[in-house]
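The shown structure was predicted, so the numbers you read here are calculated from the model rather than taken from an experiment.
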2 protein chains.
Amino acid sequence: MPDRTYSISDLASEFGVTTRTIRFYEEKGLVHPRREGQKRLYSAADRVRIKLILRGKRIGMSLQESVEVIDLYDPEHNNEEQLHSLISTVREKRERLLQQKKDIDDMLAGLDEVQSLCEQALQDKPASPTTRNRQRR
Amino acid sequence: MPDRTYSISDLASEFGVTTRTIRFYEEKGLVHPRREGQKRLYSAADRVRIKLILRGKRIGMSLQESVEVIDLYDPEHNNEEQLHSLISTVREKRERLLQQKKDIDDMLAGLDEVQSLCEQALQDKPASPTTRNRQRR
DNA sequence: TCTCAAGTTTACGTTTACGTCAACGTAATT
DNA sequence: AATTACGTTGACGTAAACGTAAACTTGAGA
């Protein structure tokens, strides 16, 4: 059923955000759900847009920037000039993402180090002082 | 020279931020530079802290969260309980970072797709209309 | 019919991360 | 002595991304 629709609270609970958040995205023009009377009806495409926006948020993108990335997909680019500028936009986005990956890898390496230091410290004193005291008395 | 110091504008220009930004970090207790009279004097350690904060920012961390990560490095953890909670903190951070890496890879895949569609579209019409017109006249 | 959950609009509040003056100090240069 | 560069402390402003409260509607069920 590719034409399934979603209520606002469907999506809110699915994505772990409030309905206020989703309405806010609409205020900002990030999504345009249909209306059934008063109620908002979200299509599968709307759902994907929100999902992609939240993905962008997780890696520190602003809402506007996420939309910018999402809009790279729909072909509004007809002439050669637009295609070239699109390609260079893609290149810039990609460079930033690669930098972010590097930042993440660096941070992961730091966490590994912290963890092994921790585990070593736990090895060096296998019995805690409290345990020792309890045993002696 | 491991005891080199930096002025506020040294660091600002090195990291591409304003001096206001660095003073703001101090207001928030993220760095504590020494003073020479009125002026702030930043040590190599201060510089690294700022660098790590900015790294955190690039991957969407708040300033507080970056500090939290940075503070994992200095051993304030003496007893067993603290060590265990530190390890579980590390685990949580790592999980989030891995999710972010996945998000980035997904987005990179999307960009690849956009780019190849672009290049194909450019292949399909190798001569632009303007070029054609110029050649015909 | 009454209620109750789910939805709606409007509007003001909040947090984070700085920007932007203003007004002043200090040290070197002209 | 005056300019210039660099620094300082307030203090207020702002944009983004929602939170929160108020007051209303609407469709489904007891």
Can you give me the N/O atom pairs linking the protein to nucleotides 5-8 of chain D at distances under 3.5 Å, or say none if there are none?
{"unit_1": "D/dG7", "atom_1": "OP1", "unit_2": "B/Ser7", "atom_2": "OG", "d": "3.2"}
{"unit_1": "D/dG7", "atom_1": "OP1", "unit_2": "B/Ser9", "atom_2": "OG", "d": "2.5"}
{"unit_1": "D/dG7", "atom_1": "OP2", "unit_2": "B/Ser9", "atom_2": "OG", "d": "2.7"}
{"unit_1": "D/dT8", "atom_1": "OP1", "unit_2": "B/Arg40", "atom_2": "N", "d": "3.0"}
{"unit_1": "D/dT8", "atom_1": "OP1", "unit_2": "B/Arg40", "atom_2": "NH1", "d": "2.9"}
{"unit_1": "D/dT8", "atom_1": "OP2", "unit_2": "B/Arg23", "atom_2": "NE", "d": "3.2"}
{"unit_1": "D/dT8", "atom_1": "OP2", "unit_2": "B/Arg23", "atom_2": "NH2", "d": "3.1"}
{"unit_1": "D/dT8", "atom_1": "O5'", "unit_2": "B/Arg40", "atom_2": "NH1", "d": "3.0"}

- line: Whole-Å distance, A/Glu68 CD to D/dA16 C1', equals 16 Å
field: same_hphob_cluster(A/Ile53, A/Leu97) at 4.5 Å side-chain heavy-atom cutoff
entry: no
query: Quick one: salt bridge (charged side-chain N to carboxylate O under 4.0 Å, His left out) pairs with a partner in residues 49-62 of chain B, sequence neighbours left out?
result: A/Asp103-B/Arg58, B/Arg49-B/Asp71
- request: Report the residues that fulfil side chain to side chain contact (heavy atoms under 4.5 Å, CB included) with B/His84, sequence neighbours left out, ordered by chain and then residue number.
  value: A/Leu122, B/Glu80
- prompt: What does the inter-axis angle of the helix from C/dT1-D/dA30 to C/dT30-D/dA1 come out as, five pairs per end, nearest 10 degrees?
  reply: 10°
- prompt: Short question: side chain of B/Asp105, backbone of B/Lys102 - any donor-acceptor pair under 3.5 Å?
  reply: no
- request: Take atom CG of A/Leu41 and atom C1' of C/dG7, then tell me their distance rounded to the nearest Å.
  value: 12 Å
- prompt: With respect to B/Val31, which candidate in B/Leu11, B/Val67, B/Ile50 satisfies the side-chain contact (heavy atoms from CB on, under 4.5 Å) definition?
  reply: B/Ile50
Report each atom pair, protein N/O against N/O of nucleotides 17-20 of chain C, whose distance is under 3.5 angstrom.
{"unit_1": "C/dA17", "atom_1": "OP1", "unit_2": "B/Leu63", "atom_2": "N", "d": "2.9"}
{"unit_1": "C/dC18", "atom_1": "OP1", "unit_2": "B/Lys57", "atom_2": "NZ", "d": "2.8"}
{"unit_1": "C/dC18", "atom_1": "OP2", "unit_2": "B/Tyr25", "atom_2": "OH", "d": "2.8"}
{"unit_1": "C/dC18", "atom_1": "OP2", "unit_2": "B/Lys57", "atom_2": "NZ", "d": "3.1"}
{"unit_1": "C/dG19", "atom_1": "OP2", "unit_2": "B/Thr18", "atom_2": "OG1", "d": "2.7"}
{"unit_1": "C/dG19", "atom_1": "OP2", "unit_2": "B/Thr21", "atom_2": "OG1", "d": "3.3"}
{"unit_1": "C/dG19", "atom_1": "N7", "unit_2": "B/Arg20", "atom_2": "NE", "d": "3.3"}
{"unit_1": "C/dG19", "atom_1": "O6", "unit_2": "B/Arg20", "atom_2": "NH2", "d": "3.1"}
{"unit_1": "C/dT20", "atom_1": "O4", "unit_2": "B/Arg20", "atom_2": "NE", "d": "3.0"}

task: Return yes if some donor-acceptor pair links the side-chain N/O of A/Gln100 with the main-chain N/O of A/Ile59 below 3.5 Å, else return no.
output: yes
message: Is it the case that the side chains of A/Gln115 and B/Arg91 hold a donor-acceptor pair, with the cut-off being a distance below 3.5 Å and no angle test?
response: no
Pairs flagged by salt bridge (charged side-chain N to carboxylate O under 4.0 Å, His left out) wherever residues 113-122 of chain A is involved - sequence neighbours left out: none
message: Counting neighbours of CD on B/Glu92 that are heavy atoms of other residues, nucleotides or ligands and sit closer than 6.0 Å, is the number greater than 12?
response: yes
- prompt: Between B/Thr21 and B/Thr18, do the side chains contain an N or O donor and an N or O acceptor separated by less than 3.5 Å?
  reply: yes
